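Notes to accompany the following structure.
Quick note on labels: first sequence line is chain A, next is B, and so on, each numbered from 1. None of the values given here were measured: they were computed from a predicted structure.
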Amino acid sequence: MCLCKCDQVATLSTPLISLPRHPNPSSPTTVNNDLRSSSHTAVIAQIEQCTNIAQLKQVHAQMLRTGIFFDPYYIDYARQVFDQIPHPNLYTWNTLIRAYASSADPVESIFVFLDMLYGCSECPNKYTYPFVIKAASELRALLTGRAVHGMAIKSSLGLDIYILNSLVHFYGTCGDLDLARRVFVKTPKKDVVSWNSVITVFAQGNCPEEALELFKEMEAENVEPNDVTMVGVLSACGQKVDLEFGRWVCLYIARNGITENLTLNNAVLDMYVKCGSVEEAKILFDRMPEKDIVSWTTMLDGYAQSGNYDKAWRIFDAMPSQDIAAWNVLISSYEQSGKPKEALAVFNELQKSKSPIPDGVTLVNTLAACSQLGAIDLDKALEVFNSVESRDVFVWSAMISGFAMHGQGRDALDIFSKMLEAKVNPNAVTFTNLLCACSHAGLVDEGRMFFYQMEPAYGVVPGVKHYACMVDILGRSGNLEEAVELIEKMKIPPTASVWGALLGACGRNGSFELAEKACSHMLELDPRNHGLYVLLSNIYAKTGKWEEVSGLRKLVQDLGIKKERGCSSIEANGSVHEFLVGDNFHPMCKEIYSKLDEIAGRLKLVGYVPNKSHLLHFLEEEDMKDHALILHSEKLAIAFGLISLSPSQPIQVVKNLCVCGDCHTVAKLISKLYGRVILLRDRYRFHHFKDGHCSCNDYW
DNA sequence: TTAGGGTTAG
């Protein structure tokens, strides 16, 4: 990565925004490279002065104690020593394979293993396989790992518990939870590590329910859990946002005498943060006997995610050192909470501070912030992208996502081809973004091709997000039967998002029976999803099932389910203006409503008839004001934009929910009648309105 | 004299 080029990026997107605090330009922990290389020389000199094994062991112990043994520098040194051994024995080969497996360059581990198969007279043994499998896990190299698994079976080592436990971890890490579970089930005498491996991979593979089920099974089998088990269980609680169970786990840890340690405390901290209880996190944080960078970063994340940026910046300042993860937490939380300008401001601060150096995550979030700012800034995103020398898979994927959000499906596909040309292997995120691009641009055949090739050609097992995207692609294009078949064939249980994609398609294509089926599945999985009741209510209303509509309305009231209110914001003359549905609070509301009346008149002249099918019967009747236009927040924002911005300025609106069909039509007409460019970002994507057309080609 | 599982940001 080249800093001077990134500086260019910083200047081209310098945002005029004030953050709660501007960090110090220099980070307290700048690594001094000169010092480091002189220490390398000293250690090597010490090793070379050794005349017997005892002395060598002493140096080794010292290196382990200070942690410098894991400095990549010494692996190269070890390799040089290894290369001078005329006939290394199996033990020596294993040592080198192990060193590479947990190094920054695990692929070397695989290469050494292959060299060993030809260059060593002995066969790989029960020690070799766990190291090689670990390297394959690090690399997410599903095909390589499978081959190694096969070799282990052929060498009659297929039932070794260490090898099986590594394999559970390996398959899980590669996304094949099904296979991970099968290996686990076949493990003859499961020990605590077997259980930990399977619980951990399910927790990390977005299957927290299964992870917790496995934990219960483990208890039933009377296997005593340890601290590592609890880390996995806490991670599952965090993902489920199940604070109550998380608290129970904390009690369980105390009652069962499981030793607290730094990692376990960090996992508890993370659980509290993910469950939204920053207060409990802070109490633990204050009483933790030992804290590391992860503890600080988790706490920082807690405050940032809850929008408490003052406290977040205070934590940031108090941290012993601000590594790139800490910066990334700030950038990503600003970016994800719809504050792309603040995100870019933090990126600028980072650039000014010179250290730490931005990594792939920084660029991903910065690119996302650029794309959030609209079409003009997508060009900036391209500049950021082009200025980065080391593009990892996430940077490429972020760029694909940027194009996907703007409905530029072909551009997304082009970027993907270039990524393959650059020899960067796509991962699960790449395919999610790619499928999303296909969905937004109506590229059905391409979507199908990617979906069915991702596993055989690239070793990426389709996850629930990929299924949801594929169902969406098929549903939107009217291939409802195929979408249903796909859901039925899923190897993993469909989530609410998968059924939601089908439901959306049903709404458009009018298949009410199927919609009811999808709804009942979704209600089981996500009973407090307000949007779902709205959709279901619409479906009942369309089929004239008024009794069901009123029953549903009562249910929603009884359950106390609140909907997310539609809210649009627009920036004009340096400040942000927010509008809610039928809002009367804006100081210029009189002008805005008279502008809307004028718009309504002009739209009527060109034959526009409000499309009331998008009105949400009964459930949203309070939103229905007696106006010529249905006053969704985006219309208010656009009207305000017409009044306040000069004709040459694009009207940029951000909406928290999905844009409705009527607002979409109105925006198209306004862009033509008033000769304005309108950029509307909704929950999922961008719409660029110009000359009466939208960039999404009415396909969203 | 070698072994497997763990927490933060996409």
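The pair A/Lys274-A/Asp270 counts as a salt bridge, with a side-chain nitrogen and a carboxylate oxygen less than 4.0 angstrom apart.
In terms of polar N and O atoms assigned as donor or acceptor, the side chain of A/Asn266 comes within less than 3.5 Å of the base of B/dT7 in a complementary pairing. With hydrogens and angles ignored, a donor-acceptor pair under 3.5 angstrom links the side chain of A/Asp227 to the base of B/dG6.
Residue A/Gln204 has a polar side-chain atom (N or O) positioned under 4.0 Å from OP1 or OP2 of B/dT7. Considering only side-chain N and O atoms, A/Gln336 lies under 4.0 angstrom from the phosphate OP1 or OP2 of B/dG10.
Checking B/dA3, B/dG10, B/dG6 against the side-chain heavy atoms of A/Val231 singles out B/dG6 as nearest. Minimum atom distance to the side chain of A/Ala267 is reached by B/dT7, of the listed B/dT2, B/dT7, B/dG10. Nearest nucleotide to the side chain of A/Arg98, out of B/dG10, B/dT2, B/dA9: B/dT2. Distances were taken from every side-chain heavy atom of A/Tyr162 (C-beta onward) to each of B/dA9, B/dT8, B/dA3; the shortest belongs to B/dA3. For A/Val228, the side-chain atoms get nearest to B/dG6 when compared with the rest of B/dA9, B/dG6, B/dT2. Side-chain proximity of A/Asn94 to the nucleotides B/dA3, B/dT2, B/dG10 is greatest for B/dT2. The side chain of A/Pro130 sits closest to B/dA3 out of B/dA3, B/dA9, B/dT8. Comparing B/dA3, B/dA9, B/dT2 by their nearest atom to the side chain of A/Asp301 picks out B/dA9.
Ring geometry, A/Phe285 versus A/Trp296: the interplanar angle exceeds 60°, so the pair is classed perpendicular (tilted spans 30 to 60°).
Within a 6.0 Å sphere centred on NZ of A/Lys291, heavy atoms belonging to other residues, nucleotides or ligands number more than 12.
Aromatic pair A/Phe450/A/Phe416: centroids less than 6.0 angstrom apart.
Side-chain N or O atoms of A/His169 include none that pairs as donor or acceptor with a backbone N or O of A/Ser166 at under 3.5 Å.
Contacts of residues 271-287 of chain A with DNA chain B (heavy atom under 4.0 Å): A/Lys274.
A stacking contact between A/Tyr127 and B/dA3 is absent: the pair does not combine a ring-centre distance of less than 5.5 Å to the base's six-membered ring with planes differing by less than 30°.
Note that A/Lys190 lies in the cation-pi zone of A/Phe184, set by a 6.0 Å cut-off to the ring centre and a 45° limit from the axis.
Judged purely by distance below 3.5 Å, without hydrogens or angles, the side chains of A/Ser337 and A/Tyr309 pair a donor atom with an acceptor atom.
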